[in-house]
Amino acid sequence: MKLSLPVLALATALGALASAAPAGAVPGPAAATRAGGLDCRTWIHNNDPLYGGVDCTNNTGAAVTFHANIVCGWAPDVTGNSVTVAPGQVGESSGHCAFYSTGIGSIGWTVE
């Protein structure tokens, strides 16, 4: 069977799209980890899958400043607001991906 160039190009493009968004790319449940003296839990909003962030508890003896790093699929990644947390306190940094995003791929944080 002989395929025309436009049909072959369409088939190639569809194959590339299928491999670019694997079924396992759906965000899972919130993750909790410890780094830099912070105990942090990442989350994605129940009603808005493009809004997410991180809640961190400061387990050090000094104030710590951090921000969320949100990977937004095919849209630009987002850096959440900087938050300074006193010892023993909890702070939240969050952000919203662009409307054309393919969804939140991951959420992390950076201690400033």
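One finds the OG atom of S93 at 11.5 Å from the CH2 atom of W109 (value rounded to the nearest 0.5 Å). How far CD1 of I70 is from OG of S106: 9.5 Å, rounded to the nearest 0.5 Å. A distance of 11.0 Å separates OH in Y100 from CG in L50, rounded to the nearest 0.5 Å. With rounding to the nearest 0.5 angstrom, the OH atom of Y51 is 12.5 Å from the CD1 atom of I44. Interatomic distance, N69 CG to T79 OG1, rounded to the nearest 0.5 Å: 5.5 Å.
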| request: Output, in order, the C-alpha distance, side-chain angles, deciding distance and verdict of side chain to side chain contact (heavy atoms under 4.5 Å, CB included) for H67 and T110. | output: CA-CA 6 Å; H67 64 263; T110 300; 3.7 Å; yes

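Taking every heavy atom of both residues into account, A98 and A75 meet most closely at CB-CB, 4.0 Å. Residues G91 and F66 share a closest heavy-atom pair of O-CZ, 3.5 Å. Taking each heavy atom of N58 and L38 in turn, the nearest pair found is CA-CD2, 3.7 Å. Of all heavy-atom pairs spanning V54 and A68, the tightest one is CG1-CB, 3.8 Å. The shortest heavy-atom contact between C72 and S101 is O-OG, 2.7 Å. Of all heavy-atom pairs between E92 and V83, the closest is O-CG2, 3.1 Å.
At least one donor-acceptor pair closer than 3.5 Å links the side chain of N81 to the backbone N or O of S94.
D39 and T57 form no side-chain donor-acceptor contact under 3.5 Å, judged by distance and modelled atom types alone. Using modelled atom types and a 3.5 Å distance limit, the side chains of E112 and S82 yield a donor-acceptor pair.
No side-chain heavy atom of I104 sits under 4.5 Å from any side-chain heavy atom of P49. Inter-residue side-chain proximity for I107 and W43 is flagged as unmet; no heavy-atom pair is nearer than 4.5 Å.
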